[in-house]
2 protein chains.
Amino acid sequence: MSEKTYHHGDLKNALIRAGIEILTQEGIGGLSLRKAARKAGVSHAAPYAHFADKQALIAAIASDGHRRIHERLAAALAEHSDDPTRLLLGAAWAYIRFGLEFPSHYKVTFSGTLENEHSHPEFVDYSQRNIRLLQDIVEQCRAAGILQTEGIDSENQAVNLWGQVHGLVSLVVQGQLPGRLLGDESIKGIFIAGLRQMVLVPIDEKMLAE
Amino acid sequence: MSEKTYHHGDLKNALIRAGIEILTQEGIGGLSLRKAARKAGVSHAAPYAHFADKQALIAAIASDGHRRIHERLAAALAEHSDDPTRLLLGAAWAYIRFGLEFPSHYKVTFSGTLENEHSHPEFVDYSQRNIRLLQDIVEQCRAAGILQTEGIDSENQAVNLWGQVHGLVSLVVQGQLPGRLLGDESIKGIFIAGLRQMVLVPIDEKMLAE
DNA sequence: ATACAATCTTTACAATGTCAAGTTTTGCAC
DNA sequence: GTGCAAAACTTGACATTGTAAAGATTGTAT
């Protein structure tokens, strides 16, 4: 691992990891190509062999965020394939927890830092993979009668549910809520209130693991 | 206006305006203190008489975003003080339109660019002013029976409604939705579906003035 | 083995954020 | 008004950064 070969071997991923680390420790403002290169033990221009520019590294980090979210959603889908209510709640809660655990990574994935999302096909792919997965979940819930089906198709509904959860996570992560609402209990309460409005069945707070 | 005095006279606001212009034309990446200074016709270090650092200018721009949103919400409140349904829809729609009209300004106000929101008291003030205004609106709607009151207090409900609308605007503005959903009609449809879920009364699409 | 492509280093440059020191102006005490 | 301190700006400097160009090193296909 610490051998000093001319060729790094896995620089691209090393740079992504380094970038995420910087992000987590210093926030978005601390992220620079040169710093990531330093952290990976290569010269400051080495990244250009793998990323066209800084935005490309950011796009890779943002894509990684989507990938991690996808992992969590897929895990929820696997775990609760029998109970649609728990499935929907589990998925939402997994999503929320990712945002609260890794706020900087969440921000890069969803907010502002990446400038031209649509010119990074990799990012678009990962993003759409999540939409499709969510739409699957929504369709299971519609079939099971825990989501309204009248007047709204499943894609539109998926986007709306995503928007609702994403909006709350965003507000919290972006420090837009008054400090008084930022306690763990308070935040959980807000999310539960939101989740209750999403589904047609009553929700027990205990359904949210962890 | 174009007199060349040593003292600019209104540099602070000129810099904010210049910053917003740059933002609108070139996106967040194009925004720099020096460029704003150039645009305002002063030397590159002049901004430091009014802003501690770049983040402070960004905070001012973000605060201005909140101020403009507040204006629109207040206008909706004044216009529909008699009809709570139209009030809620008008406010939501005004908010949405700001985001769609000025995506870059919206992003700066809500997303990532500003690093330490809570160390900019001006920003916090403007933000909370909006929450309070929204809570007022919510309370009127609760009293009129068009919003559910059971199991949720008005502050929590205000945050949830805000989150829902903000989340959708965010997804659109951040290019997270598949291109197919980004047409004007499609977007309007998504928002209407969202708004329908918010209130207890049926919504006519025509209630959303353009 | 040789050539080619990928990977990485070195060097260089312009733009930027920010600081320090100096200059001009304003506003206010007298 | 006179004088003067504070505020508003300019100039000059420096470190950091993104990025391009040219060269060095290594892997790989033939």
Side-chain angles (χ1 to χ4, degrees), chain A residues 1-23 25-62 104 108 112-116 119-120, chain B residues 1-23 25-62 104 108 112-116 119-120:
Chain A
M1 186 76 89
S2 61
E3 328 189 10
K4 266 192 175 177
T5 56
Y6 190 94
H7 279 11
H8 181 289
D10 191 27
L11 184 54
K12 184 168 184 179
N13 288 312
L15 287 170
I16 296 178
R17 278 195 302 272
I20 294 177
E21 249 181 77
I22 295 171
L23 216 57
Q25 290 165 5
E26 309 176 37
I28 300 170
L31 178 60
S32 81
L33 274 181
R34 290 172 100 111
K35 209 183 284 181
R38 238 174 284 145
K39 211 156 188 157
V42 295
S43 81
H44 66 257
Y48 286 87
H50 304 277
F51 300 102
D53 52 21
K54 188 182 181 181
Q55 282 288 307
L57 173 60
I58 292 175
I61 294 177
S104 291
V108 170
T113 326
L114 185 57
E115 304 249 345
N116 260 332
S119 60
H120 300 275
Chain B
M1 187 76 88
S2 60
E3 326 191 11
K4 265 192 176 178
T5 55
Y6 191 94
H7 279 15
H8 180 289
D10 191 26
L11 183 54
K12 184 168 185 180
N13 288 311
L15 287 170
I16 296 178
R17 278 195 302 272
I20 294 176
E21 250 180 76
I22 295 171
L23 217 56
Q25 291 166 4
E26 308 177 37
I28 300 170
L31 178 61
S32 81
L33 275 181
R34 290 171 101 111
K35 209 183 285 181
R38 238 174 285 144
K39 212 157 187 156
V42 295
S43 81
H44 66 257
Y48 286 86
H50 303 278
F51 299 101
D53 52 21
K54 189 182 180 181
Q55 282 287 307
L57 173 60
I58 292 174
I61 294 177
S104 290
V108 169
T113 326
L114 186 57
E115 304 249 345
N116 260 332
S119 61
H120 301 274

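The sequence lines fix the lettering, A, B, ..., with proteins before strands; numbering per chain opens at 1.
Atom P of nucleotide C:dT16 and atom OH of B:Y48 are separated by 12 Å, given to the nearest angstrom. If you measure from atom CG of A:D10 to atom P of C:dT7, you get 11 Å, rounded to the nearest angstrom. In this structure, A:L11 places its CG atom 12 Å from C1' of C:dA6, rounding to the nearest Å. One atom, CZ of A:R34, and another, P of D:dG18, lie 7 Å apart when rounded to the nearest Å. The CZ-C1' distance, from B:R38 to C:dT16, rounds to 9 Å in whole Å. In this structure, NZ of A:K12 is placed 14 Å from C1' of C:dT7, rounded to the nearest angstrom. Distance, B:F51 CZ to D:dA8 P: 12 Å, rounded to whole Å. Atom CG in B:N13 sits about 13 Å away from atom P in D:dA8, given to the nearest Å.
Of all nucleotides listed (C:dC8, D:dT19, D:dT11), C:dC8 comes nearest to the side chain of A:A46. Comparing D:dT19, D:dT10, D:dA8 by their nearest atom to the side chain of B:V42 picks out D:dT10.
B:D10 places a side-chain heavy atom less than 4.5 Å from the side chain of B:R17.
A donor-acceptor contact shorter than 3.5 Å links the side chain of B:Q55 to the backbone of B:E115.
Looking at A:I61, A:I20, A:L31 one by one, the single match for side chain to side chain contact (heavy atoms under 4.5 Å, CB included) with A:V108 turns out to be A:I61.
Of the side-chain N and O atoms in A:S32, one or more sit less than 4.0 angstrom from OP1 or OP2 of D:dT17.
Using a 4.0 Å heavy-atom distance criterion, B:G9 is classed as a sugar-phosphate-only contact.
Taking both residues in full, the closest heavy atoms of B:L15 and B:F51 are given as CD1-CE1, 3.8 Å, listed atom of the first, atom of the second, then distance.
Donor-acceptor pairing under 3.5 Å, judged by distance alone, is absent between the side chain of A:H44 and the base of D:dT16.
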